[in-house]
K.L.:
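One structure, as structure tokens, below. Some questions next.
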Amino acid sequence: MADPKTDPGREGTRLIAALEKCWTQIQKHHPDLPPVLFITGTGIPRRQVEKPSVSTGAPRRRQFVTRGHHWADRWAVAEEEQRLAELFVAGETIRDGGEEVLKTLLHEAAHALAHVRGIQDVSKGDARWHRKEFAQLARETGLEPPKKSEKSLGFSNALLTDASRKKYASVVRQINGAALPGLGGADQADVEEEKPTEPETPGSTAGKRVKVTCGCSPDPRAFPVTPKVLAEGPIICGLCGQPFTLPGEEDADDDTESEAQAEGAAPAVEPTVPLPDPRPAEADADTVFPVHTEN
């Protein structure tokens with residue numbers, strides 16, 4: 001029988017145990033934090049680390065790292081009839097040391113508090129954009145957020161304070177002791193930061209969608225689309241050949257067409273272009289996405 005202290009198969013178990021102990025210590029200082037289920041692995045999507053075929057001569061794909069994420073109510077615990085949040089910590093974060101892991105856990109703890117208290121702490125249009133509400137929660141968990149929102153991620157880049165280093169020094173040492181030697185694969189130098197979309201601003205339509213419908217009768221087809229995409233050009237229905245329009249635009253189009261016919265001009269005929277079936281609007285409404293910490 002293998003010695004648990006030297007068996008390579010036990011390394012992952014020791015690491016998860018260290019992460020769970022760190023979370024337990026954070027919960028002692030923030031009692032309203034719920035329990036979580038830890039998972040770990042690479043923070044780089046597989047499609048971005050696979051090497052291209054030799055025959056293509058294409059360069060290696062850019063790599064985007066997700067340091068961690070908190071995904072509320074992700075896992076069901078049948079025995080206790082409850083749901084647990086998923087807390088992911090990337091191997092790249094663990095490789096950078098216990099303090100980086102602690103910073104990530106405190107960051108995700110702020111997101112967990114936001115969920116428990118019903119606070120909108122990230123942009124609805126782009127969950128990577130962290131609002132000022134997140135900055136307040138980050139201070140509560142022991143981080144120091146930037147004084148001003150940063151262009152790419154808002155208040156996401158919250159730093160570990162000296163007080164937090166001292167408070168959690170023992171669990172940081174345990175994480176360092178349990179960390180695996182490192183991840184194989186691509187070099188860290190190839191990793192780049194994924195630039196999120198621009199954040200929401202007052203009066204902005206970034207990330208928001210409007211419902212458009214076609215001219216099919218008696219049941220017009222409908223799907224959500226961003227105003228930017230709609231403004232780029234007409235979206236034609238493959239069944240009726242009519243463009244998808246916003247509610248109320250149909251009447252305006254009818255009036256324009258009537259005026260044109262009254263003046264003797266021939267009405268415009270839109271070409272029929274087959275398009276793939278759009279995803280129903282309801283699909284977006286019921287989907288809950290994780291909140292990511294990126295680097």
K.L.:
Is there a side-chain contact between Val171 and Gln25 in this structure, where contact means two heavy atoms from C-beta onward sitting under 4.5 Å apart?
P.N.:
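They are in side-chain contact.
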K.L.:
If I take atom CD from residue Gln27 and atom CD from residue Glu20, how far apart are they, to the nearest 0.5 angstrom?
P.N.:
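With rounding to 0.5 Å, CD (Gln27) is 10.5 Å from CD (Glu20).
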K.L.:
Closer than 3.5 angstrom, by distance alone: can the side chain of Arg131 be matched with the main-chain N or O of Gln120 as a donor-acceptor pair?
P.N.:
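Present.
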K.L.:
With a 4.5 Å limit on heavy-atom distance, are the side chains of Leu87 and Trp23 in contact?
P.N.:
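Yes, their side chains come closer than 4.5 Å.
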K.L.:
Yes or no on side-chain contact (heavy atoms from CB on, under 4.5 Å) for Thr141 and Leu105, after CA distance, side-chain angles and deciding distance?
P.N.:
CA-CA 10 Å; Thr141 61; Leu105 293 186; over 6 Å; no
K.L.:
Please report the closest heavy-atom contact between Ile26 and Ala109, naming both atoms and the distance.
P.N.:
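For Ile26 versus Ala109, the nearest heavy atoms are CG2-CB, 4.2 Å.
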K.L.:
Quick one: closest heavy-atom pair of Gly177 and Arg14, and the distance?
P.N.:
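Residues Gly177 and Arg14, closest heavy atoms: O-NH1, 3.6 Å.
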K.L.:
Rounded to the nearest 0.5 Å, what's the gap from NE2 on His29 to CG on Leu106? Could you check?
P.N.:
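Result: 10.0 Å between the selected atoms.
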K.L.:
Measure the CD-OH distance between Gln174 and Tyr168 for me, rounded to the nearest 0.5 Å.
P.N.:
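Between atom CD of Gln174 and atom OH of Tyr168 there are 14.5 Å.
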K.L.:
Given side chains that start at C-beta, do those of Val116 and Pro34 come closer than 4.5 Å, heavy atoms only?
P.N.:
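In contact.
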K.L.:
Give the C-alpha distance, both sets of side-chain angles, the deciding distance and a yes or no for salt bridge (charged side-chain N to carboxylate O under 4.0 Å, His left out) between Arg95 and Glu92.
P.N.:
CA-CA 5 Å; Arg95 181 175 57 189; Glu92 289 79 8; 5.0 Å; no
K.L.:
Can you confirm whether the side chains of His111 and His130 place a donor and an acceptor under 3.5 Å from each other?
P.N.:
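Yes, side-chain donor-acceptor contact under 3.5 Å.
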K.L.:
Considering all heavy atoms of both residues, which atom of Pro234 and which atom of Pro243 are nearest to each other, and what is their separation?
P.N.:
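That closest heavy-atom pairing would be CB-CB, 4.3 Å.
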K.L.:
Using the rule given for side-chain contact (heavy atoms from CB on, under 4.5 Å), can you reason through Arg117 versus Leu137, listing the C-alpha separation, both sets of side-chain angles and the distance that settles it, and then say yes or no?
P.N.:
CA-CA 11 Å; Arg117 299 173 185 177; Leu137 293 169; 3.6 Å; yes
K.L.:
So does Gly98 get a backbone contact from the side chain of Asn176, meaning a donor-acceptor N/O pair under 3.5 Å?
P.N.:
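Yes: the side chain of Asn176 pairs with the backbone of Gly98.
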K.L.:
List the residues meeting salt bridge (charged side-chain N to carboxylate O under 4.0 Å, His left out) with Arg173, not counting sequence neighbours, and say none if there are none.
P.N.:
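By the salt bridge (charged side-chain N to carboxylate O under 4.0 Å, His left out) rule, Arg173 matches no residue at all.
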K.L.:
Taking the side chain as C-beta and beyond, is there a heavy-atom pair between Val36 and Trp75 under 4.5 Å?
P.N.:
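Contact flag for Val36/Trp75 side chains = no.
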K.L.:
Taking the side chain as every heavy atom from C-beta outward, state whether Leu159 and Leu143 have any atom pair closer than 4.5 Å.
P.N.:
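No; the side chains remain at least 4.5 Å from each other.
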K.L.:
Kindly compute the distance separating CG (Leu15) from CD1 (Ile175), expressed to the nearest 0.5 Å.
P.N.:
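Rounded to the nearest 0.5 Å, the CG-CD1 separation comes to 8.0 Å.
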K.L.:
Going by heavy atoms in the side chains, are Val212 and Phe223 under 4.5 Å from each other?
P.N.:
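SC-SC contact between Val212 and Phe223 confirmed.
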K.L.:
Quick check: closest heavy atoms across Val89 and Thr40, and the distance to 0.1 Å?
P.N.:
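Here Val89 and Thr40 meet closest at O-OG1, 2.5 Å.
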K.L.:
Transitively linked via ILVMFWY side-chain contacts under 4.5 Å: Leu160 with Phe155?
P.N.:
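No, no single cluster joins them.
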K.L.:
Please tell me if the side chains of Leu37 and Glu86 come closer than 4.5 Å, counting only heavy atoms from C-beta onward.
P.N.:
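No, their side chains stay 4.5 Å or more apart.
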K.L.:
To the nearest 0.5 Å, what is the distance between OG1 (Thr213) and CZ (Phe244)?
P.N.:
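So the gap between those two atoms works out to 8.0 Å.
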K.L.:
Would you tell me whether Glu150 and Ser156 have side-chain atoms, one donor and one acceptor, within less than 3.5 Å of each other?
P.N.:
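Ser156 and Glu150 do not have a side-chain donor-acceptor pair below 3.5 Å.
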K.L.:
Rounded to the nearest 0.5 Å, how far does CD1 of Ile119 lie from CG of Leu113?
P.N.:
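CD1 of Ile119 is found 8.0 Å from CG of Leu113.
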K.L.:
Which of parallel (below 30°), tilted (30 to 60°) and perpendicular (above 60°) describes Phe134 and His107?
P.N.:
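Because their plane-to-plane angle lies in the 30° to 60° range, the rings of Phe134 and His107 count as tilted.
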K.L.:
Which residues pass the salt bridge (charged side-chain N to carboxylate O under 4.0 Å, His left out) test with Arg165, not counting sequence neighbours?
P.N.:
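Arg165 satisfies salt bridge (charged side-chain N to carboxylate O under 4.0 Å, His left out) with Glu99, Asp162 once adjacent residues are dropped.
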K.L.:
Side-chain contact, heavy-atom cut-off 4.5 Å: Arg221 with Leu239?
P.N.:
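Sidechains of Leu239 and Arg221: in contact.
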